[in-house]
Structure formats: C-alpha cells, structure tokens
Amino acid sequence: MNDNEKEEASNLKEEFEWVLREEVHAILHQLHTVLVECAHRFPVPLYGNEGQKQDKFILTSQPEQLKCIVTLTGDSITHADISFKVLRQMHTTCKTSINQDGPWKLQQIQDAANHLQQAIGYIDNVDKNYVFRSSEEVLHIIQCLIGSLQRARTALVLPKKKAIDELMKSRNMKALSPNLPEDLAISFYLQSHKLIFVAYHLSSNHGTMRIDSCQADCAVPWLSDVLFMLTAALHMCQQLKDKLCVFSQYKDFTVGSRSASTILN
C-alpha cells in the first residue's frame, strides 16, 4: 500500500469512527424526536400521549346513495348514523347505527401504534453514552427500526380486508342497531389518510353468489401527519443504513482498529 492509499485508508477510518461516535447518536436523537411527535398525533394512549381524541366525520357518495355520520374516538367508531340505498333496489333505504355499547373497533390504529411504540423502544434502549464498536451493531438497530416503522405504515396504508362471510359474522356487525338483513353488510377501515365506509349487498343469480358494493370516504387529518412522519423516519433510517453499508465493506473497520487515544480525541 503506497502513502496515498495509507492516508486515504486512515482518513476513511477516522470518518468511520466519527460516524459511530457522533453521527449515529445524533440521528437516533432526531429519529426519536420525530417518532415521539408522531406518537402524539395518535388518538390512543402512546408514549405520554393521553389519547382518546375524538373526531366527527361525514361520509357521503353521489347520487345520495350512502350517508354516514361518524364519531371516531381513539381507535373505535363510538357512534354512527348510517343510511344507504340497497343496490339494484334503489327505492329501498336501509338504516342502522353504532353506539357506545357496541363500538366498531379499527384495529389498524392500535396495530400501528404498537409498532411505533416498539420502534421508539429500540432507540430508548440505546444509552446516550454507549460507544458503538462496529457498523454491524448500528445496522442491527436500524434494521429493527425499519421493520417496525414499515409495519406501522403498512397497517394504515394496506388494510387487511375481511372476506364477506367473515365480515358478516364479526362482532362489529352483530353490534349494529338495528341488525342488518342477512344479505347486507358494512365495513369500516383506514386506507392511507382516509376513513373508508363500504356497504355490501349479496344476491344469488342462478346459483351464483354476487356481491355489489358502494363506498364513501373522507380524509382524516391526523393520519396524513402520521404517515408523513413515518415516511420521513424511514428515509432517515435508510440514509444512515446506506452510509454504514459503505463502511461495512471493510471488515477490519472497527473502533478497536485504532488506538484508544485517537478515538477519544
């Protein structure tokens, strides 16, 4: 190795040690700040956030086929006045409601909150004075963070939709007042920054089951904020991961590869 190569390797090691000693902790602190702010936007108790925030929404579809006035408290619809015209029987209007005795739980909210709580916990478990010895140590934490944040985001963006027979047998459907006829079903779920309401009508045509549906949606402001912060946090994680992956190509790059006096200066 010539003098230029030695100097380049030495400079690279110095940068690597600075990243482990200073930049990793700085980025983890920034991530913590973003994620705690994200947690405080959730309507459920989460990392010091009291939760139980209440919002009211009106969902309608044209031409006046469906109307739903919803009160969202925490992770549940605690009240809703629902009316919709049965498809292919537009002269027939069906009405039902949700009340506090049988709220409609939106499990996506609690699932996302749990994954976010887990992500914050990974950062909380890192002592501020801890000296990282290798890129592998940091990459392990970053991978755990990315996994939790991706699961939190996915829970809100890609809802797990139930099969129609599973939906009709669900606790949520049985809590409606009055109960819907056996050939009708409804569903609420979150998708990206919106609350979605869907009405289903089941019918049989010459022995073949047919499902018609109509839906309405409305924007949920806090969801937009949460998704923006989760995306920003994932971007920060990816940037740090990319930087560390460059150093991890050099297997001899550990803090111990330089003298202690150099490291502490």
Side-chain angles (χ1 to χ4, degrees), residues 1-42 44-50 111-157 222-265:
M1 183 181 292
N2 59 40
D3 291 342
N4 288 337
E5 290 174 334
K6 288 180 180 179
E7 183 178 358
E8 183 178 350
S10 177
N11 291 338
L12 202 57
K13 284 188 178 182
E14 285 184 16
E15 182 183 356
F16 172 65
E17 291 167 0
W18 180 86
V19 168
L20 290 184
R21 187 177 64 248
E22 303 290 343
E23 189 170 7
V24 169
H25 283 288
I27 291 175
L28 288 178
H29 177 73
Q30 292 172 18
L31 275 167
H32 192 270
T33 300
V34 171
L35 296 183
V36 169
E37 181 62 29
C38 183
H40 289 172
R41 302 299 174 96
F42 271 77
V44 294
L46 179 63
Y47 208 83
N49 171 31
E50 294 180 359
D111 288 346
N114 291 342
H115 293 309
L116 177 57
Q117 178 79 54
Q118 186 180 51
I120 297 174
Y122 287 130
I123 301 176
D124 284 339
N125 288 336
V126 179
D127 188 278
K128 294 179 181 178
N129 298 316
Y130 180 73
V131 178
F132 289 102
R133 311 295 296 183
S134 68
S135 58
E136 285 76 11
E137 273 189 295
V138 185
L139 286 171
H140 175 71
I141 296 172
I142 294 301
Q143 279 300 115
C144 290
L145 277 169
I146 289 175
S148 292
L149 295 175
Q150 285 178 335
R151 288 190 292 273
R153 191 176 184 280
T154 298
L156 300 173
V157 174
W222 67 263
L223 274 174
S224 295
D225 295 340
V226 163
L227 290 171
F228 175 80
M229 292 178 194
L230 289 175
T231 301
L234 280 166
H235 182 65
M236 292 168 66
C237 287
Q238 190 61 50
Q239 283 186 315
L240 179 57
K241 179 183 175 181
D242 291 344
K243 177 174 287 190
L244 288 168
C245 282
V246 172
F247 291 115
S248 67
Q249 297 177 49
Y250 304 90
K251 298 303 180 183
D252 61 336
F253 268 31
T254 62
V255 173
S257 64
R258 293 176 62 82
S259 68
S261 59
T262 304
I263 295 167
L264 297 174
N265 284 342

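Side-chain atoms are counted along with the backbone in the values below, which use heavy atoms only and exclude waters and symmetry mates. Computed from a predicted model, the values in this text were never measured in an experiment.
Within 6.0 Å of the OH atom in Y130, the count of heavy atoms belonging to other residues, nucleotides or ligands exceeds 12.
For the pair V138/L28, no side-chain contact is recorded, criterion being any heavy-atom separation below 4.5 Å from C-beta on. Under the 4.5 Å side-chain criterion, counting only non-hydrogen atoms from C-beta, R41 is in contact with E37. Contact annotation: the side chain of N125 never approaches that of I141 to less than 4.5 Å [non-hydrogen atoms, C-beta and beyond]. A 4.5 Å side-chain heavy-atom check between H115 and R153 finds every atom pair outside the cut-off. At least one side-chain heavy atom of V24 sits less than 4.5 Å from a side-chain heavy atom of V19. R21 is not listed as a side-chain neighbour of V131, based on a closest heavy-atom distance of 4.5 Å or more. Annotation: side chain of K243 is not in contact with side chain of Q239 (no heavy-atom distance under 4.5 Å).
Between the side chain of N49 and the main chain of V44, a donor-acceptor pair closer than 3.5 Å is present.
Relative orientation of the H32 and Y47 rings is perpendicular, given thresholds of 30° and 60° on the angle between their planes.
In terms of heavy-atom proximity, C237 sits nearest to I146 at CB-CG1, 3.6 Å.
The six-membered or imidazole ring of H25 lies near that of F132, with a centre-to-centre distance under 6.0 Å.
Under the 3.5 Å distance criterion, with hydrogens and angles disregarded, no donor-acceptor pair is assigned to the side chains of N114 and Q118.
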